[in-house]
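Comments concern the structure below.
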Amino acid sequence: MDELETITLLDENGEEAVFEVLGVINVEDNDYAILIPISEDEDEDEEQAYIFRIDTDENGEEVLSEVEDDEEFEMVKDAWETLCVDEFELDDDEDDFDEYDE
């Protein structure tokens, strides 16, 4: 089983929150991290993904910036959903191929 890549961020109250990194996507020459929170409450079924732009600060360090522009957010969300659908269809095709191959 693959080990999850995680990142710990501070929320607006200074509390630590751990996120799983679902992936990084490049849209219009910017990289974006797609993150979902890792909840300690196992009863929580709802998974909400968060999109952060990966910027570089004045020291050359990578930092995550909140995407505040609605148009930019929708563009990245649509690109991520398209990528996920394409990967899902690819996985389905591979499964179907294995079934017929036997």
Side-chain angles (χ1 to χ4, degrees):
M1 187 166 137
D2 294 334
E3 189 172 320
L4 299 177
E5 183 177 352
T6 62
I7 186 169
T8 302
L9 302 176
L10 295 177
D11 68 12
E12 59 275 354
N13 299 323
E15 300 285 326
E16 287 188 352
V18 180
F19 292 84
E20 176 185 353
V21 179
L22 291 181
V24 174
I25 187 170
N26 185 283
V27 179
E28 292 192 357
D29 296 325
N30 289 309
D31 287 330
Y32 297 87
I34 313 300
L35 310 175
I36 59 169
I38 297 176
S39 175
E40 293 178 14
D41 182 8
E42 293 181 18
D43 294 334
E44 195 172 304
D45 289 335
E46 185 178 331
E47 286 187 5
Q48 182 174 355
Y50 294 88
I51 299 172
F52 290 93
R53 187 178 48 253
I54 302 172
D55 292 325
T56 305
D57 68 9
E58 61 276 354
N59 298 322
E61 304 270 334
E62 286 186 343
V63 295
L64 297 179
S65 301
E66 188 175 345
V67 177
E68 295 178 6
D69 180 68
D70 291 339
E71 208 172 294
E72 179 183 12
F73 181 87
E74 287 299 320
M75 183 174 51
V76 176
K77 181 180 138 235
D78 291 345
W80 179 255
E81 288 174 347
T82 299
L83 179 66
C84 289
V85 167
D86 289 347
E87 285 184 12
F88 179 71
E89 288 174 358
L90 248 179
D91 288 344
D92 279 352
D93 291 344
E94 290 171 3
D95 291 341
D96 291 343
F97 179 78
D98 289 342
E99 289 175 14
Y100 292 116
D101 192 39
E102 292 179 22

Report, one line per pair, each donor and acceptor closer than 3.5 Å where one atom sits in a side chain of residues 62-72; sequence neighbours left out.
from, atom 1, to, atom 2, distance (Å)
S65, OG, D55, OD2, 2.6
D69, OD2, E71, N, 3.4
D69, OD2, E72, N, 2.8
E72, OE1, R53, NH1, 3.1
E72, OE2, Y32, OH, 2.6
E72, OE2, R53, NH1, 2.8

*Mind checking whether I38 and L35 sit in one hydrophobic cluster, side chains of I, L, V, M, F, W, Y counted as touching below 4.5 Å?*
no

*For I36 and A49, work out which heavy atoms get closest and say how close.*
CG2-CA, 3.7 Å

*Do D11 side-chain atoms and N13 backbone N/O form a donor-acceptor pair below 3.5 Å?*
yes

*Hey, quick one: are L9 and V21 part of the same hydrophobic cluster, counting side-chain heavy atoms closer than 4.5 Å, chains of contacts allowed?*
yes

_D57 side chain vs N59 backbone, donor-acceptor pair below 3.5 Å_ = yes

*Rounded to the nearest 0.5 Å, what separation is found between the CD1 atom of I34 and the CD1 atom of I51?*
4.5 Å

*Write down the atom of V27, the atom of A79, and the distance for their closest heavy-atom approach.*
CG2-CB, 3.8 Å

_Hydrophobic clusters here meaning ILVMFWY residues chained together by side-chain heavy-atom distances under 4.5 Å, can you tell me if F52 and I54 are in one?_
yes

